[in-house]
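Everything below concerns the one structure shown next.
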Number of protein chains: 2
Amino acid sequence: MRRDSRLSRMLHVLIHMDRIEGAATSDQIAQMLGTNPVVVRRTMAGLRDDGYVHSEKGHGGGWVLTRPLSEITMLDIHRALGNPGFFAVGVAIDHPECLVEQAVNSALGSAFEAAENLLIGKFAAVTLADLADDFDQRMAQITAEPNCELT
Amino acid sequence: MRRDSRLSRMLHVLIHMDRIEGAATSDQIAQMLGTNPVVVRRTMAGLRDDGYVHSEKGHGGGWVLTRPLSEITMLDIHRALGNPGFFAVGVAIDHPECLVEQAVNSALGSAFEAAENLLIGKFAAVTLADLADDFDQRMAQITAEPNCELT
DNA sequence: ACATCTCGCAACAACAAAAGTTTCGAAATC
DNA sequence: GATTTCGAAACTTTTGTTGTTGCGAGATGT
Ligand code: FES
Ligand code: FES
């Protein structure tokens, strides 16, 4: 089953945005992500609606962060993307009145609920500033050459 | 994103199989699941390969359990279905050498790993006999009328 | 003013994965 | 030998995502 990588991509983008001068255009971001600008706008629309970024038209326009990375958690971005379900596996509801199905789905459901709560807790605990710090540490260790337009 | 409900369905089926006389045909199971026999065979093939069920051809043939429910865990069935990934959300690998991406994916990856371990632990701890017991308790509480061929 | 850049939005096309269907064959029972 | 039932391959349908195209609106530069 194909995986939704929007969260990973958006986190990546936002941290880069924090490090560059001025605005990043949808085109630049699209190239960085190996996709096209319309997809970028579609994805970032959620972040804009939730107030994490702002978009500006015209010359020198594009996307800018509207608040410091320290005030955005991974969970915030997940929510801004529409709070998509984390799981590719779920319960079947073929016979809602069947007690076997109920017993099975209750066991499955509580396991997934526990896993989801764990994920939510972990995501809420990490700000983008934490990720940026992690990046700095990695950068300090090995001085690697970034290979794309946005450094 | 569409969810894989094979695990839920197979657990449901196996517990029913334990309660009926003789073999259950792919056709019967398909009706119970609201699908068709070919899909059932496809899905159950994994369980057969891992030795949880046996299939017999010809008159009176079909599927039978090859071991007691107490010796099968939810995790066993998940594995028998090809050990599909639990998550619908995953990391993007657009620029493997980008340290920002690495930092992001490390944070995401460790969260998913923890959640997956939690799920595996929970699934391994529940046998199908446990689910059947849960069913019995539900049955004892409310005496409901089963509505399908397999009671 | 006018050209250019950039986002916003909607409609459409392309693609991929899962599920469902059809068809044939093989083995077991009646 | 007829019938039941699984096994497997090929094909179609469905569904959701992603990518594309096209037009319009707002902002900036000349
Ligand atoms: S995409 Fe992260 S360095 Fe270019
Ligand atoms: S499907 Fe569970 S009772 Fe019929």
Side-chain angles (χ1 to χ4, degrees), chain A residues 1-10 13 17 20 22-50 52-66 81-82 84-85 87-90 92-94 149, chain B residues 1-10 13 17 20 22-50 52-66 81-90 92-94 149:
Chain A
M1 194 158 279
R2 210 226 210 108
R3 287 196 172 141
D4 180 353
S5 57
R6 290 176 302 158
L7 176 58
S8 171
R9 287 179 149 183
M10 286 301 103
V13 167
M17 281 171 58
I20 62 174
T25 68
S26 302
D27 239 317
Q28 289 176 301
I29 297 172
Q31 284 190 303
M32 169 174 156
L33 260 33
T35 179
N36 74 73
V38 179
V39 173
V40 171
R41 289 190 196 108
R42 235 173 4 218
T43 308
M44 308 253 313
L47 309 200
R48 182 190 54 220
D49 293 345
D50 280 14
Y52 301 114
V53 295
H54 174 71
S55 57
E56 201 68 55
K57 298 177 180 178
H59 272 284
W63 301 87
V64 289
L65 283 163
T66 56
L81 290 171
F87 301 107
V89 176
I93 312 176
D94 300 316
E149 314 72 43
Chain B
M1 197 158 274
R2 208 220 209 114
R3 287 196 170 136
D4 180 353
S5 57
R6 291 177 301 160
L7 176 59
S8 172
R9 287 178 149 184
M10 285 302 103
V13 166
M17 281 172 59
I20 63 175
T25 66
S26 302
D27 238 318
Q28 288 177 300
I29 297 172
Q31 283 190 304
M32 170 175 156
L33 259 33
T35 178
N36 74 76
V38 179
V39 174
V40 171
R41 291 194 194 104
R42 229 167 17 208
T43 309
M44 308 252 313
L47 309 201
R48 182 191 54 222
D49 294 345
D50 280 14
Y52 301 114
V53 295
H54 174 73
S55 57
E56 201 67 56
K57 298 178 180 176
H59 271 285
W63 301 86
V64 289
L65 284 163
T66 55
L81 289 171
N83 206 13
F86 286 119
F87 301 107
V89 175
I93 313 175
D94 300 316
E149 315 71 43

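Throughout, protein chains are lettered first and strands after them, A, B, ... in sequence-line order, and every chain is numbered starting at 1.
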Q: Would you confirm whether B:T66, through its side chain, and B:Y52, through its main-chain N or O, come within 3.5 Å as a donor-acceptor pair?
A: yes
Residue set satisfying side chain to side chain contact (heavy atoms under 4.5 Å, CB included) with A:D94, at least two apart, ordered chain then number -> A:A92, A:E101, B:R9, B:L33
Across all chains, not counting sequence neighbours, the side chain to side chain contact (heavy atoms under 4.5 Å, CB included) partners of B:R42 are B:V39
Just N and O in the side chain of A:R48: are any of them under 4.0 Å from OP1 or OP2 of C:dC9? yes
With a 4.0 Å limit, can you tell me whether B:T25 has a side-chain N or O closer than that to the phosphate oxygens OP1/OP2 of D:dT5? no
Which whole-number value in Å describes the distance from [X] [atom1] to [N] [atom2]?
X	N	atom1	atom2	answer
A:Q28	C:dC5	CD	C1'	12 Å
B:E56	D:dT4	CD	C1'	12 Å
B:R3	C:dA19	CZ	C1'	18 Å
B:I29	D:dT4	CD1	P	18 Å
A:H59	C:dT4	NE2	C1'	4 Å
A:D49	C:dC7	CG	P	16 Å
B:D27	D:dT4	CG	P	11 Å
A:R6	D:dG16	CZ	C1'	12 Å

Sequence neighbours excluded, the answer for side chain to side chain donor-acceptor pair (under 3.5 Å) partners of A:D49 is none
Side chain to side chain donor-acceptor pair (under 3.5 Å) filter on A:H54, not counting sequence neighbours, yields A:E56
Contacts under 3.5 Å, N or O only, protein and nucleotides 20-26 of chain C:
{"from": "C:dG20", "atom 1": "OP2", "to": "B:T35", "atom 2": "OG1", "distance (Å)": "2.8"}
{"from": "C:dG20", "atom 1": "N7", "to": "B:R42", "atom 2": "NH2", "distance (Å)": "2.7"}
{"from": "C:dG20", "atom 1": "O6", "to": "B:R42", "atom 2": "NH1", "distance (Å)": "3.4"}
{"from": "C:dT21", "atom 1": "OP2", "to": "B:N36", "atom 2": "ND2", "distance (Å)": "3.0"}

Residue set satisfying ring-ring contact (aromatic ring centres under 6.0 Å, His included) with B:F86, at least two apart, ordered chain then number -> B:H78, B:F123
